[in-house]
Every structure is written in C-alpha cells, then in structure tokens.
Amino acid sequence: MKKTNLFFVLAILALTSCHNNKTTNNSMSEQKQIVEKYMDGFRATDHKKILSCLTDDVVWELPGFYLHRGKAAFDKEIENANADGHPDIKVIRLIEEGNIVVAEGTVKAKMKDGTKLDAVFCDVFHFTNGRISKLTSYLMFNKQP
C-alpha cells in the first residue's frame, strides 16, 4: 500500500473513532457540554438554561445539608438571596466515565453584607437520556485570612 493511501486510511480511522466517542467537537463529549451549559447558566443566574439541562425528576443532594427532588425544588435553590451579583465559577477539570461527569472547581461570590464566599466544589453529575438526572455536590469553604 502506498504511503498516501495509508495516510488516508489512518485519517479516516481517527475521524471515525472520534465520532464513536459521541463528541460534537474535537475536545468535549455531549455530556461534558451539558455540564458546561449548566455552569454557564449558574454564572449568569439563568434559570431557564440550567433547568433545560435537567430531567423532570432530577435529584440534587448536598450531603448533610439538603436533598431536593424535581425541577421545582431545584429551581428554588439556584439563587442565593444573600448574594450580590453573579458567582464567579471556574471549572478546573471535568472527568467522564459512562453516564457520570465529575466537575471540580472553585466558586467565588460577593455577599450583600460585604463578605465574600470563597469555596471549592466537586459536583458528580449522573445522566439519563442526555440530561442531568442526579447531582451530588460537595462544597468546602476556604478560610478567610
């Protein structure tokens, strides 16, 4: 087989394998894209964008603090009444295995009383039919100097 033919065969195999991983761009799966959309919704406090990422029977748990079931309960937790503006959320890494995506990151926000929220998080997203069906959030606050 000529070198040019071998190159084209290898290129086609590479493109096919990328397509089989359900990527819509070269670097991020559909589930990771949903998590990014969800995070963008929180950055803008966009209820509609966030809720569009969820199944109707979504479960959101912050172990030891709360367990919410359904979109209506989830919607009530999107905004913090004590926050002054939108949160600054940075996703450090996304890890995916099967129907689960884990997001690790930081969140900072200014509060109405002048204090600042500074925390790290690890969110575990479970997917069903392309939407978030369960979210377990682990949150730890950084100490203020």
Worksheet entry | Closest heavy-atom pair and its distance - A44, H86 | O-CE1, 3.2 Å
Worksheet item: If two hydrophobic side chains count as joined below 4.5 Å and joins carry through other members, does I132 share a cluster with V91?
Response: yes
Worksheet item: Under the side chain to side chain contact (heavy atoms under 4.5 Å, CB included) test, which residues partner K32, sequence neighbours left out?
Response: M28, S29, L94, E96, V101
Worksheet item: Does K71 reach the main-chain N or O of L51 with its side chain, forming a donor-acceptor pair under 3.5 Å?
Response: yes
Worksheet entry | Nearest non-hydrogen partners of Q31 and N99, listed with the distance | OE1-CA, 3.7 Å
Worksheet item: Any idea which heavy atoms bring A103 and F125 closest together, and the distance?
Response: CB-CE1, 3.9 Å
Worksheet item: Rounded to the nearest 0.5 Å, how far does CZ of F42 lie from NE2 of H47?
Response: 8.5 Å
Discussion item. Between D40 and K37 (salt bridge meaning N to carboxylate O under 4.0 Å), is one present in this structure?
Written reply: no
Worksheet entry | For I50 against F74, the heavy-atom pair lying closest together | CG2-CE2, 3.9 Å
Worksheet item: Can you hop from M111 to F121 via hydrophobic side chains spaced under 4.5 Å?
Response: yes
Discussion item. Tell me the closest heavy-atom pair linking D113 and T115, and the distance in Å.
Written reply: OD1-OG1, 2.6 Å
Discussion item. Tell me whether I78 shares a hydrophobic cluster with L54, the cluster being built from Ile, Leu, Val, Met, Phe, Trp, Tyr side chains joined at under 4.5 Å.
Written reply: yes
Worksheet entry | Minimal non-hydrogen separation, I34 against G130, with atom names | CG1-O, 3.9 Å
Practice prompt. Return the set of residues passing side-chain hydrogen bond (donor to acceptor under 3.5 Å, both in side chains) with N129 (not counting sequence neighbours), or none when no residue passes.
Written response: none
Discussion item. Membership question, hydrophobic clusters at under 4.5 Å side-chain separation (ILVMFWY): are V124 and L67 in the same one?
Written reply: no
Worksheet item: Side chain of R131, backbone of S52: donor and acceptor closer than 3.5 Å?
Response: yes
For residues 133-141, please give each side-chain donor-acceptor pair under 3.5 Å, one per line with the distance, not counting sequence neighbours.
unit_1	atom_1	unit_2	atom_2	d
S133	OG	H126	O	3.2
S133	OG	T128	OG1	2.9
S137	OG	W60	NE1	2.9
S137	OG	D123	OD1	2.9

Fill in: Side chains of I100 and F127 in contact at under 4.5 Å (non-hydrogen atoms)
no
Worksheet item: So, are D84 and K112 salt-bridged, with charged N and O less than 4.0 Å apart?
Response: no
Discussion item. Is there a path of hydrophobic side-chain contacts, each under 4.5 Å between heavy atoms, that joins L62 and I89?
Written reply: yes
Worksheet entry | Whether R93 side chain and E104 backbone form a donor-acceptor pair below 3.5 Å | no
Worksheet entry | From CG (L117) to CG (N80), nearest 0.5 Å | 8.0 Å
